[in-house]
Peer 1: 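What follows is a single structure, and I will ask about it in a moment.
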2 protein chains.
Amino acid sequence: MTGPRRARRATVHDVAAAAGVSRGTVNRVLNGGYVSADARTAIEAAIAKVGYVPNRAASMLARQRSQAVGFLALEPHSLLLEDPNIGAIMLGANSALSLADHQMVSLVIDSDRDMQRVGRYLSGGFVDGAIIVSARSHDPIIRLIGEIGLPTTFVGHPPDLARDMPYVGIDNIGSAREITRRLMQTGRTRIGMIAAALDRDSGADRLTGFKEALGDRFDPGLVADVPLYDYTYGVKGMRALLDREPAVDGVFAASDAVAAGALEALREAGRRVPEDVGVVGFDDSSWALRTQPPLSTVHQPAREVGRHAAELVLRQIAGTEPVELSVVLDSPVVWRHSA
Amino acid sequence: MTGPRRARRATVHDVAAAAGVSRGTVNRVLNGGYVSADARTAIEAAIAKVGYVPNRAASMLARQRSQAVGFLALEPHSLLLEDPNIGAIMLGANSALSLADHQMVSLVIDSDRDMQRVGRYLSGGFVDGAIIVSARSHDPIIRLIGEIGLPTTFVGHPPDLARDMPYVGIDNIGSAREITRRLMQTGRTRIGMIAAALDRDSGADRLTGFKEALGDRFDPGLVADVPLYDYTYGVKGMRALLDREPAVDGVFAASDAVAAGALEALREAGRRVPEDVGVVGFDDSSWALRTQPPLSTVHQPAREVGRHAAELVLRQIAGTEPVELSVVLDSPVVWRHSA
DNA sequence: TTGTATGCGTTATCAC
DNA sequence: GTGATAACGCATACAA
């Protein structure tokens, strides 16, 4: 005897019956339309009385849209929810979607099985569009998005396979170049880099910018590369650098988390920052103000990135105006005390 | 001329036509059932040919379920995605749901508007159940959950209004008591606490455990309380404590993030840890191993918490066996070098 | 084993 | 302004 777990829910039909009108009229007070004051009050009373709650599955089926947008962060799971940047992007996207009365749903991908299931979810009509962060060229999701033609915006450089899809991001190369130059201007002569996530465009671009700034003075022996934008890897990367070149007096870390780790490694090695070694980071995340000394870094307007991504998706969903293919936001250097 | 934005998608009907069978048969190969080998191959070919992708809205409507479970973290947004614990709980919940072929969708609540919309989302049938983290008694979501009778599991003590709902958590009081005792055993005589988030059960319980351990020796003047489990508040709380009682020689911080902040404040005040002051935290999150020295803390099995929460929800959805009302997991003290 | 008919709850398009 | 009615695409019970 399992029995019904929940009572049957009231439908528009029930409301119409209780109010003594037709379903059409009920729908009009629900979704706006011409309706007499009398009918309206009667219906509103009926709604309260029968405890009507709209069934969005039915609405979704009839209207062919869900008023929801998916948010996917394709980060290794260890980082997924610890990266302050992703959080800020999510919040920015959410508030823009919220304004347009769309529900943001974020989906985590932590296994192949997840990948498959999320694919079905996206193509099943649960969302009208998607925002995808940190995709790499080989991520299978990209092909899928193309196949089902889901309105999508990428955050960060679009992977090769999706060059024609809208994206929003910053100029990683230019900003990396600029902050490296600023570091050079402090008179450092042996400047190294802790490069991270070279399999992502952001990681590769930051290294490119670093090389460009150094030009002839670039020394491949002075770059340590680590797989992730992560504190622990920052520690390791800095140790490696010190090991290879004890005379290093400047370091560009690929992210603030990495820079924070580098600071720790420098402290354990007895180097003073910024006196002995100047350190700069990237992102201007919450790490930057928590280190001692606070980090000179590149400000990434993460919230704005999220907001623009959401707007690009919404505009594609509306399908009215042509969508510009990309938005590149300013990412200025902010100079503090670590260099 | 807006024009159709996307071509009409193939339906079961189209597949049936292409394969020369009925829709019923197509459905049987899709959802399992008796189908002849001939029919099956024909249908599979047809599916590929017409590019059929199931419309889950229709399926949802017909079956009255979505195979999705909502995940809500009711944290202040600044913390939402930076708290390593929440990330671990999400991952744990996701993997359990994934095994049961359910899609976890996480919803952020960052405004009243969000609250309303998420309420409609949950009650609209987009999810079959929900996992709710860090709810407080007055959170409107709780009443809503009760009203719509959505299978739900709370993570952390259930708020008063939901005493009858399943939850999973740890014994915050007991663990706080235990780690405080350990700290006392190191011979400290002036032990303070940086209490945080006293409006949440976890925060209040940790303070209670602290008081219990100290007994007669408890001195209200030695507790600084801050609103959030946050690094920056840890710095502030520790400064306040030092200010009030310079002789403080032991500190229980309500979380590892807070403890990390406390360490920073102690460093700037010239106190050595653990020589001058012993510090312990709570959570055993990634912070614990990143501080110098690494934190003695309480291990919170966040991933397991998420897993159990998911299982409790799934069991309610299945509705077969009676659901035990709560799961309390072990949270042992792990002793490192900060005290 | 396969085909058919009906229902799921809402929206939209008509006449009235 | 309002009331019927036909989609929307899938699942399922029943007939064949």
Side-chain angles (χ1 to χ4, degrees), chain A residues 4 6-44 46-47 50-68 101 120-121 123-126 128 148, chain B residues 4-44 46-47 50-68 120-121 123-126 128 148:
Chain A
R6 269 184 273 171
R8 192 185 78 80
R9 286 180 21 181
T11 71
V12 168
H13 189 91
D14 303 323
V15 175
V21 298
S22 78
R23 295 181 295 177
T25 308
V26 173
N27 195 285
R28 259 163 245 131
V29 351
L30 257 23
N31 300 313
Y34 300 117
V35 69
S36 70
D38 282 7
R40 164 160 275 125
T41 52
I43 290 170
E44 278 166 353
I47 287 177
V50 304
Y52 170 73
V53 176
N55 179 326
R56 305 247 339 232
S59 164
M60 192 164 146
L61 179 57
R63 306 182 55 176
Q64 301 285 73
R65 54 211 186 74
S66 61
Q67 300 260 100
D101 253 308
R120 292 196 302 268
Y121 193 86
S123 48
F126 275 101
D128 298 336
I148 62 181
Chain B
R5 293 200 316 287
R6 269 183 273 169
R8 193 184 78 79
R9 287 180 18 181
T11 71
V12 167
H13 189 92
D14 302 323
V15 175
V21 297
S22 79
R23 296 180 298 178
T25 307
V26 173
N27 195 288
R28 258 162 245 132
V29 351
L30 256 24
N31 299 312
Y34 301 116
V35 163
S36 68
D38 282 7
R40 163 159 277 124
T41 52
I43 290 170
E44 279 165 353
I47 287 177
V50 305
Y52 170 74
V53 176
N55 178 326
R56 302 239 351 226
S59 164
M60 191 165 148
L61 179 57
R63 306 182 55 176
Q64 301 284 72
R65 55 211 185 73
S66 61
Q67 300 260 100
R120 292 196 302 268
Y121 193 86
S123 49
F126 274 103
D128 297 335
I148 62 182

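Computed from heavy atoms alone, side chains included, the values below leave out hydrogens, waters and symmetry copies. Here is the naming used below: chain letters follow the sequence lines, and residue numbers restart at 1 for every chain.
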Peer 1: To the closest 0.5 Å, what do you measure between OG (A:S59) and CG (A:L30)?
Peer 2: 9.5 Å

Peer 1: Between B:S22 and C:dT2, does any side-chain N or O lie under 4.0 Å from OP1 or OP2?
Peer 2: no

Peer 1: By nearest nucleotide on DNA chain C, pick out whichever of B:A37 and A:V53 is the more 5' one.
Peer 2: B:A37

Peer 1: Round to the nearest Å and state the distance from A:L30 atom CG to C:dT11 atom P.
Peer 2: 7 Å

Peer 1: Can you tell me how far C1' of C:dC8 sits from CG of B:L61, to the nearest Å?
Peer 2: 4 Å

Peer 1: Rounded to the nearest angstrom, tell me the gap between atom CG in B:D14 and atom C1' in D:dG9.
Peer 2: 10 Å

Peer 1: Just the rounded figure in Å: distance from P of D:dT12 to CD of B:Q64.
Peer 2: 11 Å

Peer 1: Under 4.0 Å from OP1 or OP2 of D:dG3: is there any side-chain N or O of A:T25 that close?
Peer 2: yes

Peer 1: Between P on D:dA7 and CZ on A:R23, what's the gap in Å once rounded to a whole number?
Peer 2: 14 Å

Peer 1: Hey, is the side chain of B:Y34 poking within less than 4.0 Å of OP1 or OP2 on C:dG3, counting only N and O atoms?
Peer 2: no

Peer 1: Any carboxylate oxygen within less than 4.0 angstrom of a Lys/Arg side-chain nitrogen, looking at B:D128 and B:R63?
Peer 2: no

Peer 1: According to a strict under-4.0 Å criterion, is B:N27 in side-chain N/O contact with OP1 or OP2 of D:dA11?
Peer 2: yes

Peer 1: Can you measure B:H13 atom NE2 to D:dA11 atom P for me and round it to whole angstrom units?
Peer 2: 16 Å

Peer 1: Within the structure shown, what part of the strands sits under 4.0 Å from A:A57 by heavy-atom distance: base, sugar-phosphate, or nothing?
Peer 2: nothing

Peer 1: Can you tell me the distance, in whole Å, between the CG atom of A:D38 and the C1' atom of D:dG1?
Peer 2: 12 Å

Peer 1: Closest approach of B:Y121 and A:A68, non-hydrogen atoms and distance?
Peer 2: CE1-CB, 4.5 Å

Peer 1: With respect to the phosphate group of D:dG9, does any side-chain polar atom (N or O) of B:T11 fall under 4.0 Å of OP1 or OP2?
Peer 2: no

Peer 1: Which nucleotide sits closest to the side chain of B:R63: D:dT2, C:dG9, D:dT12?
Peer 2: D:dT12

Peer 1: Please check the phosphate of D:dT2 (OP1 and OP2 only) for any side-chain N or O of A:S36 closer than 4.0 Å.
Peer 2: yes

Peer 1: Working to the nearest 0.5 Å, report the span between OG of B:S123 and CG of A:N55.
Peer 2: 10.0 Å

Peer 1: NA contact type, A:N55, heavy-atom cut-off 4.0 Å: base, sugar-phosphate, or nothing?
Peer 2: sugar-phosphate

Peer 1: With hydrogens left out and only the distance checked, is there a donor-acceptor pair under 3.5 Å joining B:R28's side chain and the base of C:dG3?
Peer 2: yes

Peer 1: Figure out the CD1/P separation between B:I43 and C:dT2, and round it to whole Å.
Peer 2: 7 Å

Peer 1: Distance check, rounded to the nearest 0.5 Å: A:I47 atom CD1 versus A:D14 atom CG?
Peer 2: 11.5 Å

